[in-house]
Each structure stands twice: as structure tokens, then as C-alpha cells.
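Just so we're on the same page: letters track the sequence lines, and every chain starts at 1. Just so you know, these numbers come straight off a predicted model, no measurement behind them.
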Amino acid sequence: MRNVSRTLALAVGTIAVLVVPFVAPNAYILSAAVVVLSYAVLATSWNVMGGLTGYISLGHAAWFGLGAYGTALLVTRAGMPSFLALALAGVIVAAIALPIGIAALRVRGASFVIVSIALVLVLLLVFQSWGEFTGGSNGLVVPRPFPDLLRPEHHLVFYYLFAALLAVVLVVWWAFDRSRFGLALKAVREDEDKAQSLGVPTFAYKLVAYTVSAMFTGLGGGLYGLWFGDLDPIFQFSILVGSYMVLMALLGGVRHLFGPLLGAVVVGVAIEYFKMEFGDTQFHLIATGLLLGVVVLFMPDGVIPAVSGLVDRFRPQRSSIREVTADEVLDRDRVPETPEPTEARR
Amino acid sequence: MTGSLLLQSLVLGILLGGLYALLAAGLTLYFGVMRVVMIAHAAFLVLAAYLAWDVNTRFGIDPLLSLVVTVPLFFGVGVALQRLLISRLRPASLTMMSVLLTFAIALAIEGTLGFFYTGVQRRIQLGYSGASFEVFGARIAVVKLIAFGLAAVALLALWLVLTRTRFGTALRATIQHPEAARLVGVDTDRTAAYGFGLGLATAAVGGTALSLDATIYPSLHWHWIGPLMAIIVVGGLGSIPGAAIAAMVLGIGQGLLQLPMGTTWAQTVFYIALFATLMLRPQGFFGGRLAQRF
């Protein structure tokens, strides 16, 4: 029963994604839909690392920017065909993420977050200053892969390209989630010391998850670069983009396959709306800040558990005589998320 | 490269290092008492700088006088922040979630500053703005020296509070061993709140010092947050002497590297130091083993 409804929901969701371009009233709405889909790709890619291991990277915009610039530079400087450049940029991002991951994953928690922020800031610095290679603050124009397409058709093609990439990332997350590998990553999330003492090669696994996550974020960035056609370090290596990924994943729920996607739809639509209505003020910053604060304070597990908890209240209870089952008591008393080592408890 | 030029950049590095040391000490204080990494520290720094600018342009008085208002104000805001927001986070995920929460606060402050003051770059014009004097051929701007003096006085005051007062003893006890501190009768919750306020008060001093000599704009805090975060990781999270020494060393390093590399590239010294530290000594040069786990 549960399986049938799940398949049905998946089918309805897929069809809904596929028909959006046909109900979109104008090219602007269609381009906004492309942006939301690109956010969904980024948030789901982020979740490969953040959701499974519990390592929160605020700096995934670094991989987004490197993917975009890598693709653009390969097209403009090496004269490669657009999509070959995109694939190669993904490989390059993975190759860069590996050594960075070796350094960054030697620390946990807050130090890791600090390192991830530092990564974006240093890349912003490099790409702004190294003007003769990257175009610096003047930006970099990426030639369009389909020069003879009109604007709406261009959006349409990229809408489906982003949808395809999103499907790939979702399948990867789902496969990780169900595998032994994913189980080990989740053990890291729950209690890294214990996982390590049980013989899980935590460092290597974290590194693989980090690299895969970075690569897909880079591919998302590269595709964005090909679609948008104009890069500027300020926007590609923006802490704000990195925080959007975290906000979307957290809002939807990092432990669910479709959590980041849901978060991307909610937050992405909100961002587009705020930019349209209050584009010239700094209001979108305040809104993002407030939303992130509310999510962190009141629903750190995301919307999906919060809503399903609400729905469960009105469902017939599974336990018959007892008010709560032993399992539920255990679940209720469990310390949520990663327990810190004892010396950390205040 | 002439000797006086070298001396000049050395002096500039030391003056800058003093300001870094003050701000990094504040960050270390939050981490010590609460295990909180306060991303919004630099945003409060910029906020204080804006308030100093406002006081100066609106009433025409010296920005240093704004300290009379901003220091107690920031102390109160810090206590309120800790009491109302940060203490509500689950203990199990406190470190991680506090980063996100303070990040959200930083965004909100940047947005609010942009809303009220617009994105226009501001600078305080003072009678002594252009004044400078020479020591052995090195030219030192008076405003930079005042900023350094302010940082030195604030650091000294912080040190005196921490070592010479009952509150300082309680705060250090809370940092070292919260359970034991509670056992001997320290109200650790209140101490943590005051410790947080104290940390934010250093941002008020730092921001005012910054406003004397820098062009300020709402997104300036991103420029500061990277170096400051790098300093506390290099020094070892939670270690105040570590933060101060790392701040001085990296500040001087930045000052010296500005000669051959230019101001922008010299900034990278912080990030290179950060990644080198992670490879060599992930817990930082003064942090205990504990620092690696957060």
C-alpha cells in the first residue's frame, strides 16, 4: 500500500516537473523555473555530503563557481565543445575537491564549516584578482551552446537538461542512502568516534562523499554557466549561494530524498519573488537570514518530518491498548542527531 | 627594497595585528563559554562602525565617544542573543546549528545596514585623518595608532576582567569545566550570557577602531570574517593566547607580504596558513585535542 502510494507520488511529481514548461505563461516564468531547478540540483548535490554525514558545508558555492568557470574557460580558451567542456569541468572539480577534502575533513563540526567558508572567500579573491585569466571583475562571457535557438527555446532546452541532471543526482543520493556505504556515512553522522572504533574507514568514506557532492555541484555550476552565459566572481563564489543550498536542504529535510528538492522549490520561488519585488534593496538578505534562523531554531529536521508528524496525529494510532509503544518511548528518549563526546556536554 | 619601506610595512602589520587580536579574542571567548562559532561577529563589527559614522556625521562629535553608547549596548545585545536564541538550540547539535544561526544573524544585519544606510561607501572625515608622523623613516598614520591603542586598551581590560575579578574567575571556570563550576556554585548560565556580552563588546570597540581609518559598506564583514576565522583555527579554537599570537603573526605576515604581492594577494596568507595548519596540526597550534572535534 505504502509502496503503491509512493510510486504514484513519484509518477505525479515527475509528470508535474515535465509539464511545467508547457503551462508557463511567459519566458520569464520559464527562466525562473530553470533557476529553481538549478537550485534543486545544487541542494540535492549538497545533501550527498551534508545529509548523509552531517558535515555542514557553507562553502559549496566554491564548487558551483569552479564548475561554471571551468566550463567557461575550457570553452573560451581551449575551444572545446560546450558539453565536453562541462563533463571535463566536472572531472576537474572532483580532482580539486579531493586534496581540499583531505585538508578540510581532518577537522569536524565548526572547524569544518569555517574551512568551507574560507574556501569560497579565497576563491573569490583569486578569481577577482587574476584578471588576465578569469576576466576578473569584468566577468566572463560564455558562448551559448545552441546559438540559433530563440530565448524561450533556449530556456526550454536547459530546463530539461537541469531536470535530467537533477534525476541523476537524486538517483545517486538514493543509491548511497540504501547502500552499506551510505549506512557507514550515516554512522559518521550519528557518532563518528563509535563508527571509527567499529572499523568504518570514516575518513575515506567522508572523502568519497565530499568529492561526489562537489562534482555534482560543479556540474550544476557548469550547466548554469552555459545557460546564463555571463559569469562574475561576485555571484559565482558567493557565500549567499552556499547558504541557499544549506537553507534549502535543511528546510526540506536533509534525511529525505526529496527534502532538498522541496526546499529548493519553496526557497527558490521565494528568492525569485523577493528579487523581483525588492530587487534594488537589501531586503532579500534580511528575508534569507530570518528564514534560516527560523528553520534552525524551530525545525532543524526540516519540513517533511514536521508536517508528517502533524499528519500522523490525525491518523488512526497503530498502538491499540497502550498510549505509546516501547519503540516510541525509546525513540522519544533518544538524543537527537549526533551526540557530542562527553567532554563537550555543558 | 629599502629598509624604511620594510620597517613601514612591519609597523603597519603590527598595528593591524593588534586589531585582529582584539577581534579574535572575542571570537575565542564565545567558543570557550558556549562552543559557539560566531559568524556574525564581523557583522556586528561593521554595525558598530556604522553607528560611529552616524554619530560623527549627525552630531559632529568624535567617533570615539560613540563607545560610551555602543559598548554597553553591544554587551546587552550579546546577553540577549545568548539568552533568547543560542541557548534554545539543542545541546547535541549546538556547535553546528550555532554556526547557521549566527550566519543568519549576519545576513540579517547586512541586509538591515543596506536598507538603512544603502550600499554607498562611507568614510569618517576627522581633523586628524591625514595626520601622521615619522619614526626612523617609517610613516605612521595617527588614526592607525589610535585604533591600535584602542585595541590594546580593550585587550588589557579584557585580560584584567578575566584574571582579576570574581566574574573572570567564574568565566574561566565555566570555560574549563562547566560541571565543576556549577558544583562550586557558579551560575554557569548567567556567566555564559555575560561572557557572550563581553565578546560582543569587543566587536563594538573593534568596529569603532575600524571606522576611524576604513571605508565601510554593508558587505564589508565578509572581508573580515575569513581572516578572523582563519586566525582562530590556526591559534586553536578556544585558546585566547593562541588567537592573540596567531593574529599578530598573520597580521605582520600580511603587512610584509603587501610589499611584493600587493594588498589583495597578501590577504591569501590567512587562507594558506589555514590550510597548512589543517595539514600539519588540525587542532591548531595552541588548541587541545578537543579543538579538532568541533
Side-chain angles (χ1 to χ4, degrees), chain A residues 54-56 58 100 102-115 117-126 128-130 192-193 239-240 243 246-247 250 281-298 300 335-341 343-346, chain B residues 31 34-37 39 85 88-101 103-115 118-119 178-179 188 192 218 222-223 225-226 229-230 232-233 237 262 264-265 267-268 270-272 274-275 278-279 282-284 290-294:
Chain A
Y55 275 65
I56 294 185
L58 268 174
I100 297 282
I102 290 175
L105 292 169
R106 288 167 66 97
V107 284
R108 297 182 189 172
S111 308
F112 176 78
V113 188
I114 293 175
V115 178
I117 296 176
L119 185 62
V120 187
L121 293 174
V122 70
L123 282 177
L124 174 62
L125 205 64
V126 167
Q128 270 187 329
S129 312
W130 197 10
E192 186 162 353
D193 289 315
I239 295 268
L240 210 54
S243 62
V246 182
L247 173 59
L250 276 186
T281 67
Q282 297 291 309
F283 192 71
H284 63 280
L285 284 179
I286 304 178
T288 309
L290 287 182
L291 193 57
L292 185 60
V294 166
V295 168
V296 167
L297 279 176
F298 299 111
V335 180
E337 310 232 339
T338 31
E340 306 275 357
E343 64 264 56
R345 287 215 188 100
R346 299 197 335 98
Chain B
F31 188 80
M34 280 295 290
R35 304 271 171 250
V36 164
V37 174
I39 305 280
L85 298 177
R88 277 178 204 277
L89 296 170
R90 295 176 192 163
S93 54
L94 173 71
T95 311
M96 220 48 143
M97 287 302 165
S98 71
V99 179
L100 293 179
L101 187 61
F103 182 85
I105 295 170
L107 283 183
I109 291 176
E110 184 189 339
T112 314
L113 284 178
F115 194 74
T118 73
E179 282 90 1
T188 49
W222 297 121
H223 187 79
I225 201 74
M229 291 292 161
I232 62 167
V233 171
L237 283 182
T264 315
W265 285 106
Q267 281 263 318
T268 52
F270 291 98
Y271 304 106
I272 293 164
L274 173 64
F275 284 101
L278 291 179
M279 296 310 277
Q283 70 270 38
L290 199 64
Q292 200 177 349
R293 298 187 176 276
F294 292 99

Using non-hydrogen atoms only, which part of A:Val126 is less than 4.5 Å away from chain B: side chain, backbone, both, or neither?
-> both

Any side-chain heavy atom of B:Phe270 within less than 4.5 Å of one from A:Val122?
-> no

Using non-hydrogen atoms and a 4.5 Å limit, figure out which bit of A:Ala287 sits close to chain B: side chain, backbone, both or neither.
-> neither

Verify side-chain contact (heavy atoms from CB on, under 4.5 Å) between A:Leu240 and B:Leu107, making sure each step is shown before the conclusion.
-> CA-CA 9 Å; A:Leu240 210 54; B:Leu107 283 183; 3.5 Å; yes

Gap between atom CD1 of A:Ile56 and atom CE of B:Met96 - 0.5 Å precision | 5.0 Å

Under a 4.5 Å heavy-atom cut-off, does chain B meet the side chain of A:Val113, its backbone, both or neither?
-> side chain

Between A:Leu124 and B:Trp222, is any pair of side-chain heavy atoms under 4.5 Å apart?
-> no

CH2 of A:Trp130 to OG1 of B:Thr264: how many Å apart, nearest 0.5 Å?
-> 15.5 Å

Can you find a pair of side-chain heavy atoms, one from A:Leu297 and one from B:Leu89, that are under 4.5 Å apart?
-> yes

Between B:Leu278 and A:Arg106 the two heavy atoms that sit nearest each other are O-NE, 2.6 Å

Nearest heavy-atom pair of B:Met97 and A:Val296: which atoms, and what distance?
-> O-CG1, 3.7 Å

Residue pair B:Ala104 / A:Gly289: nearest heavy atoms and the distance that separates them = CB-O, 3.2 Å

Hey, does B:Leu100 have a side-chain heavy atom less than 4.5 Å from the side chain of A:Leu58?
-> yes

Please flag which part of A:Leu291 lies under 4.5 Å from any non-hydrogen atom of chain B: side chain, backbone, both or neither.
-> neither

Side chain from CB out, backbone as N, CA, C, O: work out which of these in B:Ile39 comes under 4.5 Å of a heavy atom of chain A, or both, or neither.
-> side chain

Given that the side chain runs from C-beta out, which part of A:Ile117 has a heavy atom under 4.5 Å from chain B: side chain, backbone, both or neither?
-> side chain

When the 4.5 angstrom heavy-atom criterion is applied to B:Leu274 and chain A, the contacting part is side chain

Roughly how far, to the nearest 0.5 Å, is CG of B:Leu101 from CG of A:Leu292?
-> 8.0 Å

Begin with the C-alpha distance, continue with both residues' side-chain angles, and end with the deciding distance and a verdict on side-chain contact (heavy atoms from CB on, under 4.5 Å) for B:Phe103 and A:Val246.
-> CA-CA 11 Å; B:Phe103 182 85; A:Val246 182; over 6 Å; no

Shortest non-hydrogen contact from A:Ser111 toward B:Leu237 | OG-CD1, 3.3 Å

Rounded to the nearest 0.5 Å, how far does CG of A:Leu119 lie from OH of B:Tyr271?
-> 10.5 Å

Below 4.5 Å, heavy atoms only, C-beta onward: do B:Phe115 and A:Leu285 meet side chain to side chain?
-> no

